Structure formats: C-alpha cells, structure tokens
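Input: a single structure, listed below in structure tokens.
Treat the numbers as computed from the prediction; the structure is a model and nothing was measured.
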Amino acid sequence: MKTLYVKNANDKIGEEIELFGWVYRQRVHGGVVFVILRDSTGIVQVSIHKNNIGPDSFNNAQKVTIESSIRVKGKVVEDSRAPTGIEIKCSEFEIISLAEKFPIQEGAGKEFLLDIRHLSLRSLKLTEIMKIKELIMQGARGYLQENDWHEVFPPIITSAACEGGTTLFSIDYYGREAYLSQSAQLYLETAIFPLERVYSLTPSFRAEKSKTRRHLSEYQHLELEAAWMDAEDIMKVEEELVASMCREISEYKGLERFGRKKEEMILNLPLQRIKYDEAIQIIQKKGIDIEWGSDFGYEEEKLLTSEFEEPFFVYDYPIEAKVFYMKQNPDGKTYACADLLAPKGFGEIIGGSQREDDLKALENRMELDGIDKTPYQWYLDLRRYGSVVHSGFGLGIERLLMWICNLEHIRDACLYPRTISRVEP
RNA sequence: GCCGUCAUAGCUUAGUUAGGUAGAGCAUCUGGCUGUUAACCAGACGGUCGUCGGUUCAAAUCCGGCUGGCGGCGCCA
C-alpha cells in the first residue's frame, strides 16, 4: 500500500523517499530526464541523471509515456529550478504500467475533453474542483450537525411531480409510469413531523431542454426543511449554511487558481435582502422594461446581480411567478419566499420559501392553478394531521461551486456532466 | 421549442469572401542534446475536407437536405 503522498515530500527534505503516482509531464535531455509525477495531492519533479542511476531505471525514465503509473525512489532536495521548489533526485525508476499514447495535450478543445471525460478528469483543474466540491459539502455538514439537522434519504424514483412547469424524466416502473425526482421537498416536508429539521443531498433531474452554461439535467441538490420556521427564519438558515460552506474552503490554497481570494469566501452576515419590488425598480432604472409580476429573465438577473459583490436575497415574489405550495403573504399578491442569487450573473443558488400549512388555502391555490389534487392526497394529509408552520429550500451544489470557482460553465462543476446532448461517458 | 453558429490529419487549426483535387503547430516515430518548465534542433509519418445530393470542364470552397456539436433565449438550482 502507498503510504507517502506528494504533499508529504515537502517535510522530507534530505531524506530518501519512495513515491507512487502517474507521469504528468516528461522531458528527455540526453543524459538527464525530467519527469513530473502527479498524485492526488499534487505534482513534484523527478530528475533522473544517467550517471547516477542504473541503466534499467534510466531507460525506463527515457521511454515512459504521459499518464503511465510509476514508482520512484530518491532523495528530496530543494531546487529553485523545479516547478514546486523541490525535486526528487531519482535513484530508482520503475514503470508499473506503461500508458498508451495519451490522447490529451495542451490546447485540446472542450468538446473533445468532454468526450473523453474519463481521462480528462485527471487534469489538475478538475482535481481541484472535485476537492472544493467535497469541501463545501463538509462545510455544510458541519453546520447542519451543529444545529440539530437530521440527514434523511428520500427516494429518487417518484410518482408525483413537485415543481410546476419543469419537465420530468419518465421511467418504466414495472409497467407503470414513474419519474426521476426533481426535488425531495415534498418528502422532506413529511419528515419534519418526526424529525423537525431535516436535510438531504440527492441528485435532482430536470428534463428541460436547456442549453445554457447554468443548467444540468442532473445536479446535486441539497435540500432543507424545518418545522417551526417561517420565511425569515429559513433565510437565516440559508445564509448561515452558505457562509459555513464558504468558510470551509476559505483556507484552501487551491482556491487561488480560480482567481478567488480567501477574504471573498468570508461572507458578511446578514446578507443583503431586497424585496422583489425593489429588484424590479433596480432593473427598471437600468432601462429594462419589466412588468411587476414576471420572474426575472437571465438578462434582468445579470443586471441585478452585477450590482452586488456577495450573494443576496430577493424575497416576496409575486404569486404568478412562483409555485403553489408556497405560503401566501397577507397582501394576497406575493408569496413568503426568497431566492439567494450569486453576484455577477452566476444566477440563482437557492430557491426557498415558507410552505402553505393551511389545508383550505393550499387546496384553493391548487384549484386556481389547475392542479389535480388526486396524486397529492398524501401531501395534503400533512395539513390534516398536526399541521405546523414550516419552511425549506433547495441549494444547487454545482451552482454554488460555479460561483466559488469562477467557472465559465456549470459542467466543469461535475465529474460527468449530464446535459441535453450528453449522457456519455 | 425558438434564434445564432460550426463541422478540414490523433488534437488545435489555415484555406471558404472572388471554385482549379489541402498548409501549419502539437502529438507520434527516428536521430541529437546532462537543468528542462507547453524544452529545443533536424527529419519522417499522417487528411480527400461530417453526410447525402445538386450546379460546374473542375467543389473543402457555391446551392439544398440530413446528422451531430457549440453558444444563447425561455425554464430553473
């Protein structure tokens, strides 16, 4: 078993160590060969000198190909000429598996890279993104554990739609039609009765024919639902959760390659909250003709978010712009809901709301929206048996990651992006 | 669903406006080189231009159909 990683080499200067990894780069200069060894923790240069090493080892280093798996032994020395400031003066060089000609090189197109995602995953950039994705979930779990949230595991296969309007992927379920879940929300609402504060991290599926840099057909959805919380309370949870996720990665040095400074990852709470009405005014002042009542298009959202440096809330959207399960405000025109938007056009990160807890009001709303209540009987039951004020929200992990890492396209935020035109590899 | 755009070697591409059967860089292979940083130098190999059809003496280039990709809109996280 491998016990030493590239990152540990920094502490081993002057010592003889053994490293396992893959060839990231290789350059042959006659009597000296430079191999950049890569492992999950980073890269380090290995120098192989003809005169200081056995002929087999030198021969191996000379013929080794990019992405071959290798074992090297050597002394760790400081050297300013090496890319990371240290290098391994090689004494043994073994090829474990000689790679065939690796298809990826500098300048490869993005489409080609997606076609061979199973290989392009090895890039340093994607490696960092995967680590940051993991870290933000650690930050989320840290917050959730400290604040008495229970993780639950709702089904992905469902029979009922949840969000209005969005398209479902249908599957053949033993001869019946079923769907891939778009949101765990309705199931989470059932779970607040035994557990009060619940969350889940599940994939959500949207069969929207979206071709934009912000949409995926499958994405990681972190959803929270809590009893005894109103719209105000849940906004507080949202910002504390996001702040905790950002704080977790603020110390991570890999952040620099994405042009982010750690100070930017320390959010100033409370985040700004602007009412939908104010947002409309801001957009109108910019010369865009937008009517009260419509949800923001991307152009409007871009204009709005360019006014902010940190994520911010827009709350109290008009009823016609949102979904039936939300709690209506006393004004009769808006819902007690809030979206968290990332600045500079990165878009909506969170959509949340207080839920309608009154049976009659919910039924009325469904009738007005022309929704068939039959498949929702179990959902309506929640209002029959001990209904309680409750609120919740859903957070798109890839959207958040996209903002944190300044990604141009959301597909870079996942291992194997699923989009309208890609299910492979 | 709508709008736009693109398809030339393993990869990235020039050539398309004004039609005359393709040019480069990288990769690969061979040789050289003991400090490179996307190493460098020399040489070789490699494509009939997404696909089907049309116009023409002649089509990568003009026209039409099809397929696929990319970008954007709507929708959303």
Taking the minimum atom-to-atom distance to the side chain of [X], which one of [options] wins?
X      : options             : result
A:R399 : B:C76, B:C11, B:U28 : B:C76
A:T212 : B:C73, B:G10, B:U37 : B:C73
A:R214 : B:G72, B:C75, B:G69 : B:C75
A:Q105 : B:C70, B:U37, B:G10 : B:G10
A:R81  : B:C33, B:U37, B:C70 : B:U37
A:F34  : B:G10, B:G71, B:U36 : B:U36
A:F112 : B:U37, B:C76, B:U12 : B:U12
A:Q45  : B:U37, B:U36, B:G71 : B:U36

Between [M] and [N] - [atom1] atom distance, rounded Å:
N     : M     : atom1 : result
B:A77 : B:C2  : C1'   : 23 Å
B:A59 : B:U51 : C1'   : 15 Å
B:A24 : B:G46 : C1'   : 13 Å
B:A14 : B:C6  : P     : 11 Å
B:C45 : B:G1  : P     : 49 Å
B:U17 : B:C62 : C1'   : 12 Å
B:U21 : B:A58 : C1'   : 9 Å
B:C11 : B:C49 : P     : 16 Å

Any ion pair linking [Y] and [X] (charged N to carboxylate O, less than 4.0 Å)?
X      : Y      : answer
A:R122 : A:E67  : yes
A:E239 : A:R273 : yes
A:E92  : A:R71  : yes

Could you let me know what B:A24 is paired to, Watson-Crick or G-U wobble, both distances under 3.5 Å, or none if it's on its own?
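Across any shown strand, B:A24 pairs with B:U12.
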Indicate, with a heavy-atom threshold strictly under 4.0 Å, whether [X] touches base, sugar-phosphate, or nothing.
X      : value
A:P83  : base
A:I349 : sugar-phosphate
A:E111 : sugar-phosphate
A:L216 : base
A:D79  : base
A:F102 : nothing

Between B:C26 atom C1' and A:I66 atom CD1, what is the distance in whole Å?
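Taking CD1 of A:I66 and C1' of B:C26, I get 13 Å after rounding.
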Between B:C73 atom C1' and A:E299 atom CD, what is the distance in whole Å?
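Atom CD in A:E299 sits about 9 Å away from atom C1' in B:C73.
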Using 30° and 60° as the class boundaries, would you call the ring planes of A:F205 and A:F169 parallel, tilted or perpendicular?
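Correct class here is perpendicular.
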For the residue pair A:F308 and A:F312, categorise the inter-ring angle as parallel (less than 30°), tilted (30 to 60°) or perpendicular (more than 60°).
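The rings of A:F308 and A:F312 lie parallel, inter-plane angle below 30°.
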Donor-acceptor contact present, side-chain A:T334 to main-chain A:D316, <3.5 Å
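Not a single qualifying donor-acceptor pair exists.
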Taking atom types as they are modelled, is there a donor-acceptor pair under 3.5 Å from the base of [N] to the side chain of [X]?
X     : N     : result
A:H29 : B:C33 : no
A:E87 : B:G35 : yes
A:K50 : B:G35 : no

Assuming nearest nucleotide by heavy-atom distance, tell me which of A:G396 and A:H409 is located more 5' along RNA chain B.
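First, find each residue's nearest nucleotide; the 5'-ward one identifies A:H409.
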How do A:H49 and A:E300 order along RNA chain B: which one's closest nucleotide is nearer the 5' end?
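Result: A:H49.
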Under 3.5 Å, is there a donor-acceptor pair linking the side chains of A:E240 and A:Y143?
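Short answer, yes.
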Mark this stacking check for A:Y298 against B:G74 as yes or no, applying ring centres under 5.5 Å and ring planes under 30°.
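Aromatic stack with B:G74 absent for A:Y298.
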